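Report on the structure given below.
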Amino acid sequence: MAAREVKQTHMQAQTQGPTQGRTPQRAEKTSGVTAKTSASKVSQTGIAAILAAMGPGILTSFAGMDAGGIATFSTTGATFGFSMLWTIPVMTLLLIVVQETAARMGCATGKGFASLVRERFGIRVSALAMLALLVANLAVTISEFAGIASSMLLFDIPIYASVPVAAIGTWILTMSGSYKRIESILLIISSVFITYIVAGVLGKPDWSAALRATLIPQINNSPAYISLLVASVGTTISPYMIFMVSSNVVEKNLDERDIPAQRADNISGAVVAGIIAWFIILTTGAVLFPAGIQVNDASDAARALVPLAGSYASILFAAGLTGASFLAACVLPGITASAICEAFGWERGADRSWQEAPIYRGIITIITIVSAVIVIIPNVDLFGILMVAQIINGIALPVLLVCMVLIASDKHIMRNWCNKRIWNALTWFIIVAITVLTAVMFVLQALGV
């Protein structure tokens, strides 16, 4: 009898173990659906379980393919042809490492990255991180509305019409009151990225040359090559991605049982995003590079494609830019508000009303309005704004990655889901590589190269 009681007590401890470390908000949020969620997860196996947990990783990867990312990859192809295609598999691997770690942290602890940073490193570090995130994400959100404006001009829609409508649309969607609904709509919007694959096929590239350039690295020591390499890494891995994927995991009420499914989610999202980036370089590398046409942004690339690849390729390229910019403009204000509220213990969540989460909804509203207004101001220095965001992201990203790897390696926090040696080595490699590349970028900018 005593042995049976000991065994039962041990089994109860094991059952309760995975819930330790959950925040009161997470517990309160899930209390009404725990029984239903548990029952559904018991019945879900294999592919069904993976599909149920998918979304956060894919959305985060696609959000990184925003106006800045499309502009960077378009410029890369137009300037160097296929010679930088080899970077896409490398950056895809780096993205998988970062996103998988962030998602695993959210599932294992029930807390977003902002909350974990505050608990592990204190309120001062957390406050500085939130300030950097706010300024950088505001600047990037401005670039998304600028991307919408420039792409709509290709369809003869003026800025004063496209930007306000886009701002209202993103605001309404973000305020819709259901994370599941928001996620479903954004995943549908993400389908616009297929346009870049079609545009790449219409460009009639040399597929064998593209494959060789993908598998065999071609190193170039020119300042322009290095600058674009740094920009490609920066647009592939951004600070807000760490906050976004961990926050979305928590918002979706995923836990340790969902970690395998989350790995599939993040790997598939990173791979698909890498394929999209590959096709953007392929398109501009096949069409614009041989003609010696230089571009400064994605809208320039869309215009330049018309006489060389036909109007359909140009329309598809512009449509992709519009959808990508709109997707990121929906995501950035929400993830910024969520991270800030989480860091300071304020109510947050798409399902919270104005009365329940005034700061959360207020931050989203302010970021959306300020970003849209700045874009429609005549002669505003959008390039200067983007440079500020780039500098802040370049400084903040290595610091945040250090915080991430230290938290993910902490057995007290992560328990059985802490980083293994190989994963730690990959993460530290990313930190060192990004730090070196960022330093090189700053030196080049200081020298005016």
Side-chain angles (χ1 to χ4, degrees), residues 64-95 147 150-151 154 193-237 270-321 324 433 437 440-441 444 449:
M65 291 298 300
D66 58 0
I70 296 170
T72 298
F73 295 124
S74 299
T75 305
T76 296
T79 306
F80 293 102
F82 297 162
S83 64
M84 291 187 71
L85 283 176
W86 67 271
T87 65
I88 299 301
V90 176
M91 287 186 289
T92 299
L93 175 61
L94 302 184
L95 182 59
S150 60
S151 60
L154 298 174
F193 286 108
I194 194 69
T195 58
Y196 288 113
I197 297 177
V198 179
V201 174
L202 292 176
K204 299 178 180 178
D206 183 340
W207 295 102
S208 60
L211 181 60
R212 285 196 303 271
T214 304
L215 299 177
I216 304 173
Q218 302 177 37
I219 308 299
N220 189 319
N221 59 1
S222 70
Y225 187 94
I226 297 173
S227 294
L228 282 173
L229 178 60
V230 174
S232 298
V233 175
T235 195
T236 302
I237 304 174
V271 169
V272 173
I275 292 173
I276 301 302
W278 190 87
F279 269 94
I280 293 174
I281 297 177
L282 179 77
T283 304
T284 55
V287 179
L288 304 184
F289 176 70
I293 297 175
Q294 297 296 308
V295 299
N296 295 316
D297 54 37
S299 59
D300 286 348
R303 291 188 190 93
L305 287 172
V306 176
L308 300 171
S311 59
Y312 289 115
S314 176
I315 291 171
L316 290 170
F317 210 86
L321 175 59
L437 289 173
V440 171
M441 179 188 69
L444 292 176
V449 178

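Counting begins at 1 with the first residue of the sequence. It should be emphasised that the depicted structure is a prediction, and the values quoted were computed from it without experimental measurement.
Of all heavy-atom pairs between Ala318 and Ser151, the closest is O-CB, 3.8 Å. Closest heavy-atom contact between Val233 and Met91: N-SD, 3.6 Å. The minimum heavy-atom distance linking Leu321 with Tyr196 is given by the pair N-OH, 2.8 Å. Leu288 approaches Ala78 most closely through the heavy-atom pair CB-CB, 4.1 Å. Across all non-hydrogen atoms, the minimal contact from Thr76 to Ser232 is OG1-OG, 4.0 Å. Nearest heavy-atom pair, Tyr225 versus Met84, reported as atom, atom and distance to 0.1 Å: CE1-CG, 3.3 Å.
Counting heavy atoms from C-beta on, the side chains of Thr236 and Leu94 never come closer than 4.5 Å. The side-chain heavy atoms of Phe317 and Thr284, taken from C-beta on, include a pair separated by under 4.5 Å. In this structure, Ile281 and Phe80 have side chains that are not in contact, with every pair of non-hydrogen atoms separated by 4.5 Å or more.
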Legend entry - Worked verdict on Ile219 versus Trp86 for side-chain contact (heavy atoms from CB on, under 4.5 Å): CA-CA 10 Å; Ile219 308 299; Trp86 67 271; 3.6 Å; yes
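Interatomic distance, Trp278 CH2 to Thr87 OG1, rounded to the nearest 0.5 Å: 12.0 Å. If you take CD1 on Ile197 and CD1 on Ile280, they are separated by 10.0 Å, rounding to the nearest 0.5 Å. Note that the CG atom of Leu85 and the CZ atom of Arg212 stand 12.0 Å from one another [nearest 0.5 Å]. In this structure, Leu211 CG and Asp206 CG are separated by 10.0 Å, a value rounded to the nearest 0.5 Å.
Ser74 contributes a side-chain N or O that, together with a main-chain N or O of Ile70, makes up a donor-acceptor pair within less than 3.5 Å.
Each of Ile88, Leu228, Ile276 was evaluated against Phe73; a single residue qualifies, Ile88, per the side chain to side chain contact (heavy atoms under 4.5 Å, CB included) test.
Residues passing the ring-ring contact (aromatic ring centres under 6.0 Å, His included) test with Phe289, sequence neighbours excluded: none.
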